[in-house]
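Note sheet for the following structure.
In this chain, residues are counted from 1 in sequence order.
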Amino acid sequence: MKTKSMISLLVCMMLGLASNTYAQNGRQRSIVVLYENDVHCAVDGYAKLAGLRDAIADTADVFLVSNGDYVQGQTVGAISKGQYVVDVMRTVNYDAITLGNHEFDYGMERMFQLLRQVPVPVVCCNLHDRKTGRLVFAPYVMKRVGNKRIAFVGVVTPTSMEDEAYAFHDENDSLIYDLQREDIPVLVQRAVDEARRAGADYVIVDSHLGEEPTQRHSDSHILVANTSGIDIVLDGHSHATIQADTILNKVGKPIIVTQTGTKFSHIGKLLITPDGRFSTTLIPVESVSEMNPFVAQVVDSIHTMLHEQTSRVVCHSEVPLRILDDEGNEAHRSGETTAGDIVTDAFRMVTGSDISVLNSGSIRNEAKAGDLTYGELLSLLPYDNYIVVAEVKGSTILSMLEKLMSFLPKPDGQFPQVSGMKFTVRVATHQVSDVKILNSATQHYEPLNPDRIYTVATTKYCVTDGGLYNTLKGSKITWETKRTYNDIFIEFVTKNLGGHIGQQYAQPQGRINKL
């Protein structure tokens, strides 16, 4: 039997054998909601999540929800454009899922195609079709257990409209989908009120808003402070590990906001007692011994197929290519890193451009020292981002840097990694100075000329689709190809570097000097 056919069979078996975990005999049992967020293709955790649900179902009524960002982030998602992840999620038997910003990464058509395969309600109260004016998904789903009704309301960060702008516009750059027709608290409040009128005893928000304030004023804390009727917010997006933050809502009632981290570092467990008290616990996934065998079989089959596709060794690296600091923080979102240096070098040297720049959020994982396979390099750069070369005036480059440095010291996915350029930034004032461009003929850095036109290699996302906060939008594209940024990077390490990454990438090279 072919591996892909085996996966389909296992999925069908799991769906057919899935049992109803909710007590229907009127007994007053506790309610447990297991939740996760920002899994980012860490598919091994799904078998433990389902196994934990199965074990708890003996003593409590269990619901299972996902708070977004599941189809993108590692090789298993990139190589199948989310299909392998969805194959696993189909077997888990969720009760509700909402969207994360990265569900839009492959475009709307692909997102709809994937989600239609998951036999579970998708809830999102803020994704509107501009043509019809209607919501694309139901704003909430109601679940009943015993004499209690629980509403799960979904919401996704409207910053997706900038970060994944290509998914929200047509070929004429007209907006066709909208995540913020009104303020996010207004949209969520409307869904909450509808759910309460429909008889909800408890309202749980499945949120992908995050903890960090945004220009769209849409983080989870603002949501709670400007609404009433929500019992708890199961959050995502900012990859925070939060067992229980307490925020006062619009009428002064304390509301819990919780997040599980990312990549199944934890599983969240919400306990609702028979008398209506809420408490949350974060369970480290490594401590979970329970395993659902059907989900595990599907995951194993996918790993086997993935190995066949990705095990080819591409190059050898003497050093790790890093995006994290020693504490595990995403250092590339606020500073220069070795992975950022080599990736942007690849763009500049393969295209022959003056400089290259890439938003740090496009680099998703590190690469170890030693032999590196195709799968590991794909995991480093997993998106369908195509490389372009644009003509950009020096003054525009300076404006871009000033805009992107304005978020420091807060980490930001649009923070730039650069090649062929050096600059200094004073973190306290965000002042950018001493911008220099590498002269390819002399190999010396020269001051940026604000009136000169430079060639800039980057992804199409960073020029036309919302990356780098649209600071390069409108720049003339002089070279465009359907080659992905991962493809360009692999060409660089195999041809330019001869398949060997050396000590020149052991440390960041001093391109971004922070004072």
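- Between Phe137 and His128, the distance from one ring center to the other does not fall under 6.0 angstrom.
- Between Phe104 and Phe168, the two ring planes are tilted [angle within 30° to 60°].
- A side-chain donor from one of Ser419 and Arg348 sits under 3.5 Å from a side-chain acceptor of the other.
- At least one donor-acceptor pair under 3.5 Å links the side chain of Glu366 to the backbone N or O of Leu324.
- Side-chain contact between Asp183 and Asn226: absent, with no pair of heavy atoms (C-beta onward) separated by less than 4.5 Å.
- For the 3.5 Å distance criterion, the side chains of Ser238 and Gln259 qualify, holding a donor opposite an acceptor.
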Task: Derivation and outcome, salt bridge (charged side-chain N to carboxylate O under 4.0 Å, His left out), residues Glu491 and Arg483 - done: CA-CA 11 Å; Glu491 177 181 330; Arg483 296 183 65 191; 2.4 Å; yes
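- Considering only heavy atoms from C-beta on, Lys436 stays 4.5 Å or farther from Phe423 through its side chain.
- Using a distance-only test at 3.5 Å, with no hydrogens or angles considered, no donor-acceptor pair links the side chain of Asn470 to the main chain of Lys473.
- The distance from atom CG of Asn385 to atom CG of Leu358, rounded to the nearest 0.5 Å, is 7.5 Å.
- Between Tyr383 and His102, the ring-plane angle classifies as parallel under the 30° and 60° cut-offs.
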Side-chain atoms of residues 458-465: list all donor-acceptor pairs with protein atoms under 3.5 Å, sequence neighbours left out, distances to 0.1 Å.
unit_1	atom_1	unit_2	atom_2	d
Thr458	OG1	Val357	O	2.7
Thr459	OG1	Cys462	N	3.4
Lys460	NZ	Glu480	OE2	3.1
Tyr461	OH	Asp163	O	2.5
Tyr461	OH	Gln414	NE2	3.1
Thr464	OG1	Lys460	O	3.2

Task: side chain to side chain donor-acceptor pair (under 3.5 Å) assessment of Gln83 paired with Gln117 - done: CA-CA 9 Å; Gln83 183 62 57; Gln117 300 176 49; 2.8 Å; yes
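- A donor and an acceptor atom, one from each side chain of Glu164 and Tyr106, are nowhere located under 3.5 Å apart.
- The side-chain heavy atoms of Gln503 and Tyr505, taken from C-beta on, include no pair separated by under 4.5 Å.
- Identified under the salt bridge (Lys or Arg N to Asp or Glu O under 4.0 Å) test for residues 367-383, with sequence neighbours left out: Lys368-Glu376.
- Considering every non-hydrogen atom in both Thr344 and Gln417, the closest pair reads CG2-O, 3.3 Å.
- Formation of a donor-acceptor pair under 3.5 Å by the His217 side chain with backbone atoms of Pro213 is not found in this model.
- Residue Arg426 places its CZ atom among 12 or fewer non-hydrogen atoms of other residues, nucleotides or ligands, all under 6.0 Å distant.
- Of the charged side-chain nitrogens involved, at least one lies within less than 4.0 Å of a carboxylate oxygen, so that Asp341 and Arg511 count as a salt-bridged pair.
- Pairing each heavy atom of Leu282 with each of His266, the nearest pair is CB-CD2, 4.0 Å.
- Side-chain N or O atoms of Asn365 include one that pairs as donor or acceptor with a backbone N or O of Ser379 at under 3.5 Å.
- Between the His332 side chain and the Ile363 main chain, a donor and an acceptor come within less than 3.5 Å of each other.
- For Tyr485 (side chain) and Ser362 (main-chain N/O), a donor-acceptor pair under 3.5 Å exists by modelled atom type.
- Between Phe347 and Phe492, the distance separating the two ring centers is not shorter than 6.0 angstrom.
- Relative to the six-membered ring of Tyr469, Lys403 meets both conditions, a distance below 6.0 Å and an angle of at most 45° to the axis.
- Contact between Asp235 and Leu209 at its shortest, heavy atoms only, is OD1-N, 3.3 Å.
- Looking at heavy atoms from C-beta onward, Glu391 lies out of side-chain contact with Ser475 at the 4.5 angstrom threshold.
- Annotation for Gln309: atom CD counts as buried by contact number, over 12 foreign heavy atoms lying within 6.0 Å.
- Proximity of a side-chain donor or acceptor of Thr280 to a complementary backbone N or O of Gln243 within less than 3.5 Å is detected.
- Listed for the Asp206 side chain is no donor-acceptor partner under 3.5 Å among the backbone atoms of Ile97.
- Between Leu372 and Val314 the shortest side-chain heavy-atom distance does not fall below 4.5 Å.
- Applying the 6.0 Å contact sphere to NE2 of His500 captures more than 12 heavy atoms from other residues, nucleotides or ligands.
- The local environment of NZ in Lys410 is crowded, with over 12 non-hydrogen atoms from other residues, nucleotides or ligands closer than 6.0 Å.
- Put simply, the side chain of Ser317 never gets that close to the backbone of Pro320: no donor and acceptor are under 3.5 Å apart.
- Heavy-atom minimum distance, Val156 versus Cys124: CG1-SG, 3.7 Å.
- Side-chain contact annotation: Ser66 with Glu36, donor-acceptor N/O pair under 3.5 Å present.
- The side chain to side chain donor-acceptor pair (under 3.5 Å) test with His237 singles out one residue from Asn67, Asn101, Thr262, and that residue is Asn101.
- The neighbour count for Gln507 CD, taken as heavy atoms of other residues, nucleotides or ligands under 6.0 Å away, does not exceed 12.
- Take Lys393 and apply the salt bridge (charged side-chain N to carboxylate O under 4.0 Å, His left out) test, not counting sequence neighbours, and it matches no residue.
- Checked for salt-bridge contact, Asp178 and Arg130 meet the test: a charged N lies under 4.0 Å from a carboxylate O.
- Side-chain contact check for Leu472 versus Val392: some heavy-atom pair is nearer than 4.5 Å.
- For Thr337 (side chain) and Arg322 (main-chain N/O), a donor-acceptor pair under 3.5 Å exists by modelled atom type.
- Between the side chains of Gln180 and Arg216, at least one donor-acceptor pair of N or O atoms lies under 3.5 Å.
- More than 12 heavy atoms of other residues, nucleotides or ligands sit less than 6.0 Å from atom NZ of Lys263.
- Donor-acceptor pairing under 3.5 Å is recorded for the side chains of Glu211 and Ser220.
- The shortest heavy-atom contact between Ser311 and Glu308 is OG-O, 4.5 Å.
- Shortest non-hydrogen contact noted between Leu187 and Leu179 is CD1-O, 4.2 Å.
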